Amino acid sequence: MRAWVVEGSGAPEEVLRLTGRDAPDPGEGTFSMEVGAVGVGLPDVFMCRGVYPLGPSEGSFTLGQEVCGTVVEAGDGVALEPGQRVMAVTSFQTGDGGFAERCLGLGASAFTVPDSMDDAAAAGFLIPYHTAWIGLVRRGGLAPAETLLVLGAAGGTGAAACSLGAARGARVIGVAGGPERCEVAAAFGAHQTVDHRAGDIAAAVMDLTDGRGVNVVYDPVGGDAYTAASRCVARDARIVLIGFASGEWAPVNVRHMVQRNYSVVGAIPSRYSRQERLADHAELSALWDAGSIRSVVTATYPFEELPEAMSALESRKVIGRVVLNVGG
């Protein structure tokens with residue numbers, strides 16, 4: 001099979017090689033699959049650069065965390081059938097990720113694909129929307145009519161939070177950089193937007209909320225954006241930490257938390273049971289079928305153009321979720 005392999009650490013265009021390698025065999029808890037499409041995310045860029053804590057640590061390896069495709073063979077303990085179409089998180093931590101014509105999927109993170117969802121949409125659905133559900137519903141406790149502030153609202157993760165927050169009946173304020181990205185955030189469900197390039201985030205949000213602040217903050221950005229968001233929260237607010245797209249984790253100030261009476265929580269889907277994840281997926285699939293949430297995929301690249309896709313993502317030349325079309 002053809003596969004993109006990372007050799008060394010550095011910029012994606014410097015360390016990625018398209019080569020031939022044997023298709024991986026499934027072991028306990030995994031399954032082999034023919035890849036139709038695979039999501040491309042900032043964690044993949046960070047793994048190329050050797051700065052992502054969950055990636056392979058040595059040798060050459062294939063990345064690609066989120067895929068849609070067809071089951072070829074299931075390993076022990078995996079209740080999937082050959083020919084079944086699924087979306088899944090891959091075994092990228094062992095170097096058998098989805099930037100290949102075949103990969104290994106994790107049985108515990110494989111889910112059915114709604115009939116109305118194509119491969120590209122499915123390859124950009126699982127991680128953004130499951131993370132948004134865990135963050136907003138399970139950890140953030142977002143209630144209808146509450147105000148939700150989404151940082152990085154034009155990125156794939158943020159766009160999913162805007163869409164899900166609006167579907168749950170919240171008032172959504174999206175933070176993005178520049179008028180074009182603010183328009184994208186609005187298209188995904190943000191009722192109001194804040195351009196962080198135009199001034200102080202906190203001041204703008206407090207103005208939009210008549211000084212009340214927001215009830216929930218969804219933060220996949222970290223760094224200075226987190227600090228600004230922490231200055232515009234209401235009493236009893238919840239700040240949900242998702243990631244560090246800025247390159248810096250949120251600098252949580254415990255003293256400020258206590259003085260302002262808000263809480264900070266982390267959110268990651270992998271800490272939940274299979275039964276809980278299946279329940280979440282059923283809820284999300286129902287919202288998809290009802291047309292209440294939409295695909296966050298905005299750019300699709302051919303398989304041979306992975307380095308270009310990752311470079312465009314890292315330089316923020318693309319908006320929303322990026323997907324690599326593997327199966328043609």
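Keep in mind the model is a prediction, meaning the values are calculated, not measured.
No hydrogens or angles considered: nothing links the side chains of Glu314 and Ser311 as a donor-acceptor pair under 3.5 Å. With hydrogens and angles left out, the side-chain atoms of Arg21 and Thr62 include a donor and acceptor closer than 3.5 Å.
Between Glu73 and Met33, the closest side-chain pair of non-hydrogen atoms is not below 4.5 Å. Inter-residue side-chain proximity for Val217 and Ser230 is flagged as unmet; no heavy-atom pair is nearer than 4.5 Å. Val252 has its side chain within reach of Leu241: a pair of non-hydrogen atoms, C-beta onward, lies under 4.5 Å apart. A 4.5 Å side-chain heavy-atom check between Val194 and Val205 finds at least one atom pair inside the cut-off. At least one side-chain heavy atom of Val71 sits less than 4.5 Å from a side-chain heavy atom of Val86. Side-chain contact between Tyr218 and Leu148 is present, with heavy atoms from C-beta onward closer than 4.5 Å. A 4.5 Å side-chain heavy-atom check between Leu313 and Val40 finds at least one atom pair inside the cut-off. Taking the side chain as every heavy atom from C-beta outward, Pro82 and Val72 never approach each other to under 4.5 Å.
Applying the ring pair (Phe, Tyr, Trp, His ring centres under 6.0 Å) rule to pairs touching residues 221-251 yields Phe46-Phe244, Phe244-Trp249, sequence neighbours excluded. Listed by first then second residue, pairs satisfying salt bridge (Lys or Arg N to Asp or Glu O under 4.0 Å) with a partner in residues 157-169 number zero, not counting sequence neighbours. Within the structure, every pair that satisfies the salt bridge (Lys or Arg N to Asp or Glu O under 4.0 Å) test and touches residues 192-205, not counting sequence neighbours, is listed here: Asp200-Arg231. Within the structure, ring pair (Phe, Tyr, Trp, His ring centres under 6.0 Å) pairs that include any residue of residues 128-162 comprise Phe111-His130, Phe125-Tyr129, His130-His281 (at least two apart or interchain).
Glu66 places a side-chain N or O within 3.5 Å of a backbone atom of Ile127 that can act as its donor or acceptor partner. Of the possible donor and acceptor atoms, none in the side chain of Asp289 sits under 3.5 Å from a partner among the backbone N and O of Ala286. No donor-acceptor pair closer than 3.5 Å links the side chain of Ser109 to the backbone N or O of Leu106. Of the possible polar contacts, one joining the Asn215 side chain to the Thr147 backbone as a donor-acceptor pair under 3.5 Å is found. The main-chain N or O of Glu146 is never found under 3.5 Å from a side-chain atom of Arg171 such that the two would form a donor-acceptor pair. Between the side chain of Gln65 and the main chain of Gly41, no donor-acceptor pair closer than 3.5 Å is present. The backbone N or O of Ile134 lies less than 3.5 Å from no partner atom in the side chain of Arg139, so there is not a single donor-acceptor pair. Side-chain atoms of Gln84 come within 3.5 Å of backbone atoms of Glu81 as a donor-acceptor pair (strictly under, hydrogens ignored). Put simply, the side chain of Arg2 never gets that close to the backbone of Thr19: no donor and acceptor are under 3.5 Å apart. Arg17 places no side-chain N or O within 3.5 Å of a backbone atom of Glu7 that could act as its donor or acceptor partner.
The two residues Val38 and Val35 come nearest to each other via the heavy atoms CB-CG1, 4.4 Å. Across all non-hydrogen atoms, the minimal contact from Pro307 to Trp4 is CD-CH2, 3.4 Å. Across Asp22 and Met1, no two heavy atoms sit closer than the pair O-CE, 3.7 Å. For the residue pair Gly124 and Val296, the shortest heavy atom distance occurs at O-CG2, 3.5 Å. Nearest heavy atoms, Pro302 versus Leu324: O-CD1, 3.1 Å. The two residues Cys162 and Ala153 make their nearest non-hydrogen contact at SG-CB, 3.7 Å.
Salt bridge Glu308/Lys317: absent, no basic N to carboxylate O contact under 4.0 Å.
Follow the hydrophobic side-chain contacts under 4.5 Å out from Val322 and you reach Tyr52 in the same cluster.
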Self-check item: Stepwise side chain to side chain contact (heavy atoms under 4.5 Å, CB included) test for Asp119 and Met87
Solution: CA-CA 8 Å; Asp119 284 357; Met87 61 177 80; over 6 Å; no
Exercise. Walk me through it: do Leu142 and Val137 pass the test side chain to side chain contact (heavy atoms under 4.5 Å, CB included)?
Key: CA-CA 6 Å; Leu142 181 67; Val137 180; 6.0 Å; no
Self-check item: Steps toward side chain to side chain contact (heavy atoms under 4.5 Å, CB included) verdict (Met47, Gln93)
Solution: CA-CA 10 Å; Met47 279 184 269; Gln93 289 179 298; over 6 Å; no
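Judged as a side chain to side chain donor-acceptor pair (under 3.5 Å), and not counting sequence neighbours, the contacts of Thr94 are Ser91, Asp96. The side chain to side chain donor-acceptor pair (under 3.5 Å) check on Thr157 picks up nothing, with sequence neighbours excluded.
If you take CZ on Arg102 and CG on Asp25, they are separated by 10.0 Å, rounding to the nearest 0.5 Å.
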